[in-house]
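Just passing along the structure, written as structure tokens.
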Amino acid sequence: PGSAVGHSPERPCRSARPLCCTAVAVGASSWKPDACSGGIEARLLMSRLSTYNCARPLGPALLFVKTSQGKEEGRRFYACSACRDRKDCNFFQWEDEKVSETRLAAREEYNRNHQPSFTHRQNVERGGFFKVFSVLFVFKAEWEKHSDHQFLCDISTAQLKSPSQLLYPLENKKTNAQYLFTDRSCQFLLDLIIDLGFRRVLSVGTPRLHELIQSTASQEEDFRVRSLLLDIDFRYSQFYTEDEFCHYNMFNHYFFGGEAAHETCRKFLHQDNGERLIMVTDPPFGGLVEALASSFKKLMAMWKETEKEGPNNQEMPVFWIFPYFFESRILEFFPSFSMMDYQVDYDNHALYKHGKTGRRQSPVRIFTNITPSMIVLPVEEGYRFCAICQRYVSSDNQHCEICNSCTSKDGRRWKHCVLCKKCVKPSWFHCNVCNCCALQTHTCEKADAGCFVCGKAGHKRSACPSLSRARTACQADKKQRQKILKRVKMGICKSSAMKHAIFFRKKVKNKKKKT
Ligand code: SAH
Ligand code: ZN
Ligand code: ZN
Ligand code: ZN
Ligand code: ZN
């Protein structure tokens, strides 16, 4: 890395996709440091956004610091806020690097040439045209440009009201991770929003929810909910007016439509009339939590500015939809949030579907700053109310007497480990080498600790001089563990956990004797 001028040539539309031609290349999702910076491990420094725009252009680049084994190495660099794949945007620049006039000019020129070919306004007008004829019409010149693409014919009015069904989801994990809600999850969210008394929804990266709101509004006269969609997928500008959709990058809080779009959003947040507002967001899971949190805080601050009634330390209500294993990261930035047990699932995600059990359940949850007891989960799907925890939990989530809480995060029944003093996944067991619970197949090696064999820093177990001895010990460990497992049958009642502990203590002693 080092050169920032050589942006990858914008390829023409990648695959056969209808309606995508002007915009497919604009979308992008999350950013993975190693992909964007040529293998450098890096940490995001949120304190500063760049004055540089990246290549696509997706707004200000973010500042990162190079790290090695978790330690900052000092040299900072800017990289694209949204692209995980260098093929999509290889903007890269050291912070202390001098950028020549020619290079800046080249960059500007590039950005000018890579704006979408139609503005939102033009797309609205073209979209209006589609609506009249109910077929996808492509201008001749455009047709010729994209003659290698599939086109949809005979699009019904109903389909035009559901663009997310019409557009192919941009599934490429590295660029646009578009996972669309199932009708079940989407309807649940909308019903919940209505039951909680909200009448305005700021849909950030939730096009299907936005669409459900829009289409319900057009069908039911007394339906009073309104929605504004903020999304990076510019294809939506062909379906929605500038009051319904803003082209937005949630990794750097960037409105592509400039001040006007910013104002649209501000206005939407302000229009109170007693209609309460909630923000619902479902970012790509590869996203940097820190960058997302910083943008959401800005949206929350925008909402806050609007409050007329005196001092009031309320927060803008939020549903942040994200996998359960990001819980601690999200709570770090939003201590007022808590995680609900409801499993959100997706149409185009083969793995996680509703009704699956065990590890195949969806890991995606709702994080919210609304009081948990207010979030009523569907009893017919097995959720129940825990009177002690004061929240709805999934059917297999048992209230642990020792932790005094319903501890399962993944929907499976968790078990309490007396040694760890907490509940753990059912597939875990207590490892005395690591001094914590882990999968049976784990390799007794903590990433942050030094070598576990000799305890010295600087090398991992696999590179330890006494490696061979350690390996045989470990294999023996594993066999013993399996034997124990059979005996204990995973129930881990208190006494078996104790036996377990005693056994391992003996074993460790034996090992010491041997060496
Ligand atoms: N489940 C949602 C879709 C979530 S997929 C639904 O059904 O409505 C993630 C969404 O975030 C997609 O619509 C995608 O276009 C959008 N997105 C991805 N990266 C983004 C970014 N950097 N800024 C704003 N939106 C983004
Ligand atoms: Zn409980
Ligand atoms: Zn417990
Ligand atoms: Zn344990
Ligand atoms: Zn271990």
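Read the numbers this way: they start at 1 and go in the same order the structure lists the ligands and their atoms.
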Quiz item: Can a donor-acceptor pair be found between the side chains of D231 and H210 at a distance below 3.5 Å?
Solution: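 No, no side-chain donor-acceptor contact under 3.5 Å.
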Practice problem: Would you give the angle at the Zn ion (ligand 5) between C431 atom SG and C434 atom SG, to the nearest 10°? | Solution: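 Taking the Zn ion (ligand 5) as the apex, I get 120° for this pair.
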Practice problem: Decide if atom NZ of K297 counts as having more than 12 heavy atoms of other residues, nucleotides or ligands within a radius under 6.0 Å. | Solution: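 More than 12 within 6.0 Å, yes.
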Quiz item: Is the distance from the Zn ion (ligand 3) to the nearest N/O/S atom of H416 under 2.8 Å?
Solution: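 An N, O or S atom of H416 is closer than 2.8 Å to the Zn ion (ligand 3), so yes.
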Exercise. With the Zn ion (ligand 3) at the centre, find the angle made by SG from C400 and SG from C403, to 10°.
Key: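 Taking the Zn ion (ligand 3) as the apex, the two atoms subtend 110°.
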Quiz prompt | Check: W320 ring centroid to F296 ring centroid under 6.0 Å | solution =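 Centroid separation for W320 and F296: below 6.0 Å.
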Self-check item: Shortest-distance N/O/S atom, H442 versus the Zn ion (ligand 5)
Solution: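 This turns out to be NE2.
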Exercise. Anything under 30° is parallel, anything over 60° is perpendicular, the rest tilted; go ahead and classify F337 against F334.
Key: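 Ring orientation of F337 relative to F334: parallel.
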Quiz prompt | Within 6.0 Å of CZ in R413, more than 12 heavy atoms from elsewhere | solution =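 Incorrect, the count does not exceed 12.
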Exercise. Please work out the angle at the Zn ion (ligand 4) defined by atom SG of C420 on one side and atom SG of C437 on the other, rounded to 10°.
Key: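 The angle at the Zn ion (ligand 4) comes to 110°, rounded to the nearest 10°.
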Quiz item: If we ignore angles and hydrogens, is there a donor and acceptor under 3.5 Å between the side chains of N369 and S336?
Solution: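 No donor-acceptor contact under 3.5 Å links the two side chains.
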Quiz item: Counting backbone and side chain alike, does C444 bring an N/O/S atom below 2.8 Å of the Zn ion (ligand 5)?
Solution: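 C444 does place an N, O or S atom closer than 2.8 Å to the Zn ion (ligand 5).
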Exercise. Name whichever N, O or S atom of H430 ends up nearest to the Zn ion (ligand 4).
Key: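 Going by distance to the Zn ion (ligand 4), the closest N, O or S atom in H430 is ND1.
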